[in-house]
Participant: 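First, the structure itself, so that you have it in front of you.
Residue numbers start from 1 in every chain, and the chains themselves are labelled A, B, ... in the order their sequence lines are given, proteins ahead of strands. What you see is a predicted model, and the numbers here were worked out from it, not measured in a lab.
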Amino acid sequence: MINIILPDNSVRQYPKGITGLELARSISEGLARNVLSVMVDGEVQDASLPITKDASVRLLTWNDPEGKATLWHSSAHLMAEAIELLYPGVKFGIGPDIEQGFYYDIDFRDQSISSDDFPKIEQKMLELAREKQTFHRIEKTKKEALGYFSGKGDEYKVELINDLEDGEITFYESGYFTDLCRGPHLPDTGPIKAVKLLAIAGAYWRGDETRKQLTRIYGITFPKQKELDEYLVMLEEAKKRDHRKLGKELELFTFSQRVGQGLPLWLPRGAQLRELLEAFLKRTQKRMGYVQVICPHIGNVELYKTSGHYQKYGESSFRPITTPIPGEEFFLKPMNCPHHCEIYSSKPRSYKDLPIRMAEFGTVYRYEQSGELHGLTRVRGFTQDDAHIFCTPNQVKDEFKGVMEIVMLIFKALSFKDFVIQISLRDKNNKEKYIGSDENWDKAEQAILEVAEESGLDTIVVPGEAAFYGPKMDFMVKDAIGRKWQLGTIQVDYNLPDRFEMEYIGADNQKHRPVMIHRAPFGSMERFVAVLLEHTGGNFPLWLAPDQAIVLPISEKYHDYAKKVLNLLNNSEIRALVDERNEKAGKKIRDAELMKIPYMLVVGEREANEGTVSVRKHGHGDLGPKKVEDFISHAKNEITEELGGL
RNA sequence: GCCGAUGUAGCUCAGCUGGUAGAGCAGCUGAUUUGUAAUCAGCUGGUCGGCGGUUCGAAUCCGUCCAUCGGCUCCA
């Protein structure tokens, strides 16, 4: 007998070799039907595998992320099986589960496939799933494994097996399909009740663009048709929040082929929004001891040779700008830091001057690959809310902390709750990859970890992900359809101070090298606005709404009163406009609602006589009449509350 | 850059197997003077993404380029 500890900490005795499935059945038939896989001492394994020693065990169902992963992983196999039956002779790459579903990379060789073929494959998958095909786990020697797949002519699997050690190779068999796989898998294909293939795309074998491109098919499956339906509705809803769609509808920005791809044009309302964000950050930075600087959009090629960007990115940049002088070249600036370094070096610096916090909303230009451009999140010209802090090695920690505070302040003012903080450190086994002294690296990494710890926020530490010039902290946020984007970033840099031979005079009257910290709390204004749009669905907090209120006169007779109200609002710095169109109130309200203007102020005879406005709040409906000055103070209070005094 | 899909009026879309373009909204003009999500009528507006080809004839078929979308790769 063995002791099994269940999640409620109860201990039960079972015969040695009991499977997860049997264990579930001993608790209830219903649980047995729903169990997808099982976690034994923290490791997910097949529910059909025996448990041979004392262990703490969690039965995983659709309600557990690991359970979902098991279902999706098995679904990838199911899809591969269906495809192998429908398209004999195809070769398989890898087919993992992902956050939302699964994919399989497949070499279709001379057969062609498009999304038109999805229904056929989905049907086949459901057909096979209904057969309740059992997943069999089979341990193989390397020789056997290689034999099987070379016999099948699947060079991708052969390559994968060659990278594996003998003794850790397992196959899974289900129905007509056998695959190299670590598992775990479902007991059988029965729980896969609803199938949807979502997308087809090219994907390089092992992510290497010099190797063959396979066809990747993305899909998702569910244990109930209803859940698939809900998921599809959710996807539709997410599409409505797409910043590209909202940006067009709310007249925030546009693109023009004539201007060029990836070069956004900010419309008046979008520009207003950006200015508000910038002003907010400038206020905060001023309070925190930053100084503003301004630099031109181009720089001599020598600047980027000094910074090293030319050597690394010169070839993949916009072509240089030439002048009438032979040999003279300028580059559109891809970064603000080299310019800022020159400002630092424009006069001798004392340790008493440090830290110097130099901020600029600097527009930079990068030649991103055309396939990578995406709305406002990936563009070729964008404005960073950039700043560079020049400080002594001992000041790194405090400065890092100060920056993190700014980022948190911003996230709070915009109610960003769903973000991930990633700390990227160097690979300790590969120290020669990095520039800067061992001692400084240790100091900086230590400082970052301490600041993170003291902040009490959840962070992910990823060794080996640091830039060659220093460790960093990134703030990642998801967009409407779950894609992750990096917003804010804080990076320590030992490289540029060296390359620009920056110095300060220390208390010892000797020359020292400052440390540089790059930081951008929003990241880029473009990407930040994109993510903000998707998070708010275009329903901005009052302080950020491009138009905060719109006055809606019932008829032409009340235009004079409407303008009077508008004046009062404008005098109180409330951004408002009047809808003077010859339309009925219902129409004006509808249009204002669609533009997501926070407050609609209806004025007619009653209001004109009484000095009031009838307040309607976007998304809430009629709030009834208010004196104009009462509405103003109401709005002002709301803004103060949103900003929490910032 | 690569794989796949898409590209019709400012916007959203229709246009069957090739017979030379249509709706709603927006815009303009007029009527109406309006009370909490669309007042009515008339009008304007498109070398059907560009260029080439097949054909008596191309929005429709083929090629190519451009752009957009979904991924891959990349991201100072």
Participant: On a whole-Å scale, what distance lies between the C1' atoms belonging to B:rG46 and B:rG22?
Facilitator: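 Looking at atom C1' only, B:rG46 and B:rG22 are 11 Å apart.
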Participant: For A:Lys312 and A:Arg206, find the nucleotide of RNA chain B closest to each by heavy atoms; which residue's nucleotide sits nearer the 5' end?
Facilitator: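 Checking each residue's closest nucleotide, the 5'-ward one belongs to A:Arg206.
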Participant: Ignoring hydrogens and angles, are the base of B:rC3 and the side chain of A:Arg216 linked by a donor-acceptor pair under 3.5 Å?
Facilitator: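 Not at all, since no donor on one side and acceptor on the other fall under 3.5 Å apart.
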Participant: Within the modelled atom types, does a donor on one side and an acceptor on the other bring the side chain of A:Tyr204 and the base of B:rG71 under 3.5 Å apart?
Facilitator: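 Check fails, no donor-acceptor contact within cut-off.
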Participant: Looking at every non-hydrogen atom in both residues, tell me the closest pair between A:Gln548 and A:Leu542 and how far apart they are.
Facilitator: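 The pair with the smallest heavy-atom distance is NE2-O, 3.0 Å.
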Participant: May I ask which nucleotide in the shown strands pairs with B:rG70, Watson-Crick or G-U wobble, both distances under 3.5 Å?
Facilitator: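 The answer is B:rC3, by the H-bond criterion.
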Participant: Using a distance-only test with no angle check, is there a side-chain donor-acceptor pair under 3.5 angstrom linking A:Glu638 and A:Tyr599?
Facilitator: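 Distance-only check passes for A:Glu638 and A:Tyr599.
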Participant: Roughly how many Å apart are B:rC65 and B:rG4, using the P atom of each and rounding to a whole number?
Facilitator: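 Between the two P atoms, the distance is 13 Å.
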Participant: Would you call the rings of A:Tyr365 and A:Phe318 parallel, tilted or perpendicular, where under 30° means parallel and over 60° means perpendicular?
Facilitator: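 Perpendicular, since the angle between the ring planes exceeds 60°.
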Participant: Among A:Val603, A:Leu601, A:Val578, A:Ile574, which residue meets the side chain to side chain contact (heavy atoms under 4.5 Å, CB included) test with A:Leu566?
Facilitator: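 Among A:Val603, A:Leu601, A:Val578, A:Ile574, the one that satisfies the side chain to side chain contact (heavy atoms under 4.5 Å, CB included) with A:Leu566 is A:Val578.
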Participant: So, is A:Ser370 near the phosphate of B:rG1, with a side-chain N or O under 4.0 Å from OP1 or OP2?
Facilitator: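 For A:Ser370, the contact criterion (side-chain N or O under 4.0 Å from OP1 or OP2 of B:rG1) is met.
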Participant: Using only heavy-atom distances, decide whether a donor-acceptor pair under 3.5 angstrom links the side-chain of A:Glu209 to the base of B:rC2.
Facilitator: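 No, the side chain and the base share no sub-3.5 Å donor-acceptor pair.
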Participant: So which protein nitrogen or oxygen atoms get under 3.5 Å of nucleotides 36-39 of chain B's nitrogens or oxygens?
Facilitator:
residue: B:rU36; atom: O3'; partner: A:Arg616; partner atom: NH1; Å: 3.4
residue: B:rU36; atom: O2'; partner: A:Arg616; partner atom: NH1; Å: 3.1
residue: B:rU36; atom: O2; partner: A:Arg616; partner atom: NH1; Å: 3.4
residue: B:rU36; atom: O4; partner: A:Ser614; partner atom: OG; Å: 3.3
residue: B:rA37; atom: N7; partner: A:Arg616; partner atom: NH2; Å: 3.1
residue: B:rA37; atom: N6; partner: A:Glu593; partner atom: OE1; Å: 3.4
residue: B:rA38; atom: N7; partner: A:Arg590; partner atom: NE; Å: 3.3
residue: B:rA38; atom: N7; partner: A:Arg590; partner atom: NH1; Å: 3.2
residue: B:rA38; atom: N7; partner: A:Arg590; partner atom: NH2; Å: 3.4
residue: B:rA38; atom: N6; partner: A:Arg590; partner atom: NH2; Å: 2.6
residue: B:rA38; atom: N1; partner: A:Arg590; partner atom: NH2; Å: 3.4

Participant: Compare side-chain N and O positions of A:Tyr365 against OP1 and OP2 of B:rA76 and report whether any pair is under 4.0 Å apart.
Facilitator: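 Negative; the distance criterion is not met.
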Participant: On RNA chain B, nearest-nucleotide positions of A:Gly207 versus A:Pro334: which is more 5'?
Facilitator: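 Per heavy-atom nearest nucleotide, the more 5' residue is A:Gly207.
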Participant: With a centroid cutoff of 5.5 Å and a plane-angle limit of 30°, would you call A:Tyr313 stacked on B:rA76?
Facilitator: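 According to the criterion (under 5.5 Å, under 30°), yes, A:Tyr313 stacks.
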Participant: Tell me whether the side-chain N/O atoms of A:Gln261 come closer than 4.0 Å to OP1 or OP2 in B:rA67.
Facilitator: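 Yes, because at least one side-chain N or O of A:Gln261 sits under 4.0 Å from OP1 or OP2 of B:rA67.
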